[in-house]
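Chain identifiers are assigned alphabetically (A, B, ...) following the order of the sequence lines, protein sequences preceding nucleic acid strands; residue numbering begins at 1 within each chain.
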Protein chains: 2
Amino acid sequence: MLRISKLTDYATLLLMHMARAPFETHSARGLAQRSGLPPPVVAKLLKLLAREGLLTSQRGAAGGYGLARAPERISMAQILAAVEGPLAVTECALGRGVCDMEKGCATRPHWQLIGHALQVALDAVSLADMTVPRAATVRLQRLEK
Amino acid sequence: MLRISKLTDYATLLLMHMARAPFETHSARGLAQRSGLPPPVVAKLLKLLAREGLLTSQRGAAGGYGLARAPERISMAQILAAVEGPLAVTECALGRGVCDMEKGCATRPHWQLIGHALQVALDAVSLADMTVPRAATVRLQRLEK
DNA sequence: ATCAATAGGACTGATTAAGTTCTATATAGT
DNA sequence: ACTATATAGAACTTAATCAGTCCTATTGAT
């Protein structure tokens with residue numbers, strides 16, 4: 001349950017590879033080879049991440065992708081939002097009045113609260129944390145107190 | 001993203017209805033009418049929740065379903081787990097070695113940490129909280145400190 | 001017996017996710 | 001200017017999952 005899509009998983013993997021050389025540009029082909037993921041998937045994801053502002057891109061020969069900011073300033077929440085869209089635990093949490101039974105339904109504010117808690121947990125982990133085991137552990141343990 | 005399935009949403013709604021009369025038994029038909037959900041869906045969900053231990057069931061005429069324990073002792077995490085299966089943010093988080101690239105993949109422990117944080121957030125909200133706005137707010141705010 | 005209820009499984013259709021392919025555009029090097 | 005190597009964007013196909021229905025069996029009170 002609450003499963004993250006494979007694409008998000010892949011995106012995280014790719015960003016972690018890039019975080020090892022945060023100031024260099026990386027080509028889609030090169031990242032596909034290093035990550036072992038299918039080239040079309042890698043290309044699709046990098047395009048998406050660039051459009052969403054997590055990566056910068058340079059076209060043409062000797063072009064490629066680079067991190068838009070330091071790995072410490074890219075959170076898991078941002079990666080998820082880039083690939084899967086805004087966090088919304090339930091459909092109605094997004095606000096649009098598409099739910100048939102809004103009248104007697106008292107659950108909405110509660111789902112929003114839960115969603116907010118998830119957001120906080122996801123915000124607390126950065127891309128840099130993902131590459132360095134200790135940091136994430138510490139930050140998340142603080143949350144649980 | 002991280003969207004909960006409609007079934008889980010429905011299940012929560014049904015349990016909230018039952019929580020209003022926590023010691024009485026409720027029939028599937030009656031709950032379908034009160035909730036406005038399609039009877040087959042309600043029946044399916046109640047069967048599932050009973051199998052998972054959240055509800056007790058009584059067959060035969062004058063039978064029905066009842067909460068297995070007090071609303072305070074049923075958490076949103078339990079409801080989610082009952083309907084959607086164990087919480088696993090990524091496939092590999094479940095442990096089975098199905099992932100092709102386990103060798104160079106350092107993300108697994110981090111996803112597990114994030115998963116754990118989500119679990120904590122979901123554990124902090126009970127079915128009783130869902131029916132009484134204030135309690136959930138307070139509990140979740142404590143988590144965010 | 002009969003009626004009202006749950007138990008369990010099989011099945012179908014709808015929706016979404018995952019992955020591929022094709023065409024257009026930009027840029028460095030020669 | 002030409003060519004090779006990149007990214008940009010969109011359309012398309014297939015696979016997987018979710019949502020919902022239906023049917024048959026079992027249980028128990030009247």
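Dashed line: the shortest gap from a side-chain N or O of A/Tyr10 to OP1 or OP2 of C/dA18 is not under 4.0 Å. A sub-4.0 Å separation between OP1 or OP2 of D/dG9 and a side-chain N or O of A/Arg51 is present.
Applying the side chain to side chain donor-acceptor pair (under 3.5 Å) rule to A/Arg34 yields the partners A/His26; only residues at least two apart in sequence or on another chain are considered. B/Gln58 is linked by a side-chain contact (heavy atoms from CB on, under 4.5 Å) to nothing, counting only residues two or more places apart in sequence or in another chain. A/Gln78 pairs by the side chain to side chain donor-acceptor pair (under 3.5 Å) definition with A/Arg69, not counting sequence neighbours. Take A/Thr8 and apply the side chain to side chain donor-acceptor pair (under 3.5 Å) test, not counting sequence neighbours, and it matches A/Ser5, A/Glu84.
Look at CG on B/Leu45: it is 13 Å from P on C/dT6, rounded to the nearest Å. Residue A/Glu84 contributes atom CD, which lies 12 Å from atom C1' of C/dA18 at whole-angstrom precision. Rounded to whole Å, atom P of D/dG9 lies 13 Å from atom CG of A/Leu49. Rounded to an integer number of Å, the gap from A/Asp9 CG to C/dG19 C1' is 16 Å. Distance, A/Glu52 CD to D/dG9 C1': 14 Å, rounded to whole Å. Remark: P of D/dT24 and NZ of B/Lys44 are 18 Å apart, rounded to the nearest angstrom. Rounded to whole Å, the distance from CG on A/Leu48 to P on D/dA10 is 12 Å.
Against DNA chain C, the stretch residues 55-65 of chain A makes heavy-atom approaches under 4.0 Å through A/Gln58, A/Arg59, A/Gly60, A/Ala61. Within residues 26-33 of chain B, the residues approached by DNA chain C to less than 4.0 Å at the level of any non-hydrogen atom are B/His26, B/Ser27, B/Ala28, B/Arg29, in residue-number order.
Residue-level contact check: A/Pro38 touches the backbone only, with heavy atoms under 4.0 Å from sugar-phosphate atoms and none from bases. In this structure, A/Leu7 reaches the sugar-phosphate backbone alone: every heavy-atom distance under 4.0 Å involves primed, P, OP1 or OP2 atoms, never a base.
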Expected list for residues 38-51 of chain A: side-chain donor-acceptor pairs under 3.5 angstrom, two or more places apart:
none

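Checked against C/dA7, D/dA19, D/dG9, the side chain of A/Lys47 finds its nearest nucleotide in D/dG9.
Side-chain contact between A/Met76 and A/Asp129: absent, with no pair of heavy atoms (C-beta onward) separated by less than 4.5 Å. A/Val89 is not listed as a side-chain neighbour of B/Arg3, based on a closest heavy-atom distance of 4.5 Å or more.
Judged purely by atom type and a 3.5 angstrom limit, A/Thr56 uses its side chain to pair as donor or acceptor with the backbone of A/Gly66. No donor-acceptor pair closer than 3.5 Å links the side chain of B/Asp123 to the backbone N or O of B/Val120.
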